[in-house]
There are 2 protein chains.
Amino acid sequence: MLNWSQLPSLSALRAFCAFVQRGSVADAGAALNVSHAAISQQLRALETHLGTPLFDRSNRALELTPEGQDLARALEDGFGRIAAGVEALSHTEAHRPLNIGCTPTFASAWLMPRLAGFQADHPGIDMVMSPSPSLVDPAPGGIDVAIRYGTGDWKGLDSVELMASPVVVVGAPALFKGDTPKTPADLIRYPWLEELGTHESSSWLAGQGLQNERVLSRTEVPGNLMIDGARNGQGIAVTTRIAVAEDIEAGRLVAVFEERRDAGYHLVTKPGVHRPPLKAFLRWILREVRKT
Amino acid sequence: MLNWSQLPSLSALRAFCAFVQRGSVADAGAALNVSHAAISQQLRALETHLGTPLFDRSNRALELTPEGQDLARALEDGFGRIAAGVEALSHTEAHRPLNIGCTPTFASAWLMPRLAGFQADHPGIDMVMSPSPSLVDPAPGGIDVAIRYGTGDWKGLDSVELMASPVVVVGAPALFKGDTPKTPADLIRYPWLEELGTHESSSWLAGQGLQNERVLSRTEVPGNLMIDGARNGQGIAVTTRIAVAEDIEAGRLVAVFEERRDAGYHLVTKPGVHRPPLKAFLRWILREVRKT
DNA sequence: TTCAACATGTAATTCAAACTTACATAATGG
DNA sequence: CCATTATGTAAGTTTGAATTACATGTTGAA
């Protein structure tokens, strides 16, 4: 086990190593971004600490004593190993792709159409989209950031609101045949679509006091297909405003109920440091949201 | 060539390495003689600098991420190499014998009789005596300390006076046969002894204004034999008071002239740091002198 | 479940190592 | 011999790192 307590000051060792590599006190200072005097003092402190002359100061230019040469070799090895380790880390980190977790709905409706812009701005950053209805924790080495729908209170995780978005209940105009439902209870008569692995429709109905009612039929479909199904008149869907904004605008879907809640999409990250690609992404997406 | 400028703070790296070895923040603090809070802050600073999470903080005890493990390996290697180099240095240094240069006369008359005391006090320190009339520079790796006769003004070297000691001119009572010389000029009639490699007798005579006189005979002998020769009545010798103090006391030699000059024996060292054995010796010899 | 013990995090202040500036000393080379 | 180059020293300042004190959160036993 390393005995730290009797190791000389690391800055002194660093100064010595820089001096050895650069060959002069002034150059060593330049390499470390400090003055020559700083190096001079560190070198003297090192000699004092070790109780050994490391230099022959008889000439103008310092020369290493045999002891100094031994130490130099050890330090160049040691610091070299350390620097290599640090650099390797930065490299692998910089190149590990950015891993984004979000719901299939949000991905196809909002994120994917804009992502090209981000990739154009940051050609060095590879990305992996992990669309998944289940809300995976952003873990180190796994998901870097998750985009989640909720109220922003994920315990143990940091979140910032991306955009508020009410829950809407939508259906195709063809489904209603002009007879648009007036109350939530009217919806019982229709077939429902639900995203695989979620229970949004039931919880919405429960929120309306209809938790015991059975709807006409309930079809579970993969997330990306739910909106498609709704558009085709296959049933009622519960989703967020953002995901169907364009469809409503274009008249392909009708929002029959809309519930103003203080919920919305959030950027959720692990507390702690963000690696540079992640920082870039967060900056970009927040700017992107502000545009609209 | 190492690029120092983008290396993280070395104390942060050290803290990280200590944490890895000890397994907890608090223990790492203990190993480095700092508080747990200091370590905590260093670790966070390191993560921030690298832009990479090094720990999984979801549990109470920190766990290394894969990146953290890579870095840990590099740091343990690197710091290990450094520590080994430093330790090797201290070891070889501590064991290199102490090299003392002094005149043969002083060695046999004053130093050798007392040296046993030093060695008894410092059993770990080996010594090499280098008696030599020529005044060798104490150089790194060579002589650690020289004991020289003079006035203390050796340019480029540090010196402290060990003891003042006038120059004396001595001869055996048998040589003078009761007819002790009264003036320096009287000494011309006697045979002279001179230490090999020195010119003390001629310069003493020159100091008395007798630079052009020829003495009866001049015999050059190795330093350690000069006093012996004088004792045996083989001639006049010029030396220092200290070297013949006991002989004069015991009546084996007579001091015919004594010149009070501000000269004496000095401890002469290279400026700069003194390694521990040298410091011990200097402390010892100065205390030894003060005893008398 | 609740509480004590443990492990780490954070904020504010204090402290000291390390740096800068300015001047000094000394060697080298034209 | 002087200009130039290289290092040393001293004094004062800066800032990185430490301490202290309190907070947060987990674990395990009562």
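Just so it is clear, the values below take in all heavy atoms, side chains as well, and ignore hydrogens, waters and symmetry mates. Each chain gets a letter, A, B and so on, in the order the sequences are listed, and its residues count up from 1.
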Participant: For the pair made of CG in Leu7(A) and P in dA17(C), what is the distance, rounded to whole Å?
Facilitator: 16 Å

Participant: Which residue pairs pass the ring-ring contact (aromatic ring centres under 6.0 Å, His included) test with at least one member in residues 6-32 of chain B, sequence neighbours excluded?
Facilitator: Phe16(B)-Phe55(B), Phe19(B)-Phe55(B)

Participant: Hey, can you tell me if Phe79(B) and Trp4(A) have their rings parallel, tilted or perpendicular (30° and 60° cut-offs)?
Facilitator: perpendicular

Participant: dT8(C) phosphate, OP1 or OP2: any side-chain N/O from Ser24(B) under 4.0 angstrom?
Facilitator: yes

Participant: Grab the CG-P distance between Leu46(B) and dA17(D) for me, whole Å please.
Facilitator: 11 Å

Participant: Rounding to an integer number of Å, can you tell me how far Trp4(B) CH2 sits from dC19(C) P?
Facilitator: 13 Å

Participant: As a test of understanding, state which of Leu13(B), Val20(B), Asp70(B) forms a side-chain contact (heavy atoms from CB on, under 4.5 Å) with Leu75(B).
Facilitator: Leu13(B)

Participant: If you apply the rule side-chain hydrogen bond (donor to acceptor under 3.5 Å, both in side chains), what do you find for Thr240(A) with Tyr265(A), and how did you get there?
Facilitator: CA-CA 9 Å; Thr240(A) 58; Tyr265(A) 285 99; 2.7 Å; yes

Participant: Check whether any side-chain N or O of Arg44(A) sits under 4.0 Å from OP1 or OP2 of dG8(D), and answer yes or no.
Facilitator: yes

Participant: Under 3.5 Å, which protein N or O atoms sit close to an N or O of nucleotides 18-20 of chain D? Give each pair with its distance.
Facilitator:
residue	atom	partner	partner atom	Å
dA18(D)	OP2	Gln42(B)	NE2	3.0
dT19(D)	OP2	Ser35(B)	N	2.5
dT19(D)	OP2	Ser35(B)	OG	2.7
dT19(D)	O4	Gln41(B)	NE2	3.4

Participant: Rounded to the nearest Å, what distance is computed from the CG atom of residue Leu43(B) to the P atom of nucleotide dA7(C)?
Facilitator: 16 Å

Participant: How long is the gap from OG1 on Thr105(B) to CG on Leu111(B), to the nearest 0.5 Å?
Facilitator: 12.0 Å

Participant: Are Asn99(B) and Ser130(B) close enough that a side-chain donor and a side-chain acceptor fall under 3.5 Å?
Facilitator: yes

Participant: Taking the nucleotide of DNA chain C with the closest heavy atom to each, which residue, Ser9(A) or Val25(B), is nearer the 5' end?
Facilitator: Val25(B)

Participant: Using whole Å, what does the distance between atom C1' of nucleotide dA6(D) and atom CZ of Arg22(A) come to?
Facilitator: 17 Å

Participant: Any side-chain heavy atom of Ile147(A) sitting closer than 4.5 Å to one from Leu267(A)?
Facilitator: yes

Participant: Calculate the interatomic distance between Asp27(B) atom CG and dT8(C) atom P; express it in whole Å.
Facilitator: 8 Å

Participant: How close or far is atom P of dA6(D) from atom CZ of Phe19(A), stated in whole angstroms?
Facilitator: 12 Å

Participant: Rounded to the Å, how far apart are Leu10(A) CG and dA17(D) P?
Facilitator: 11 Å

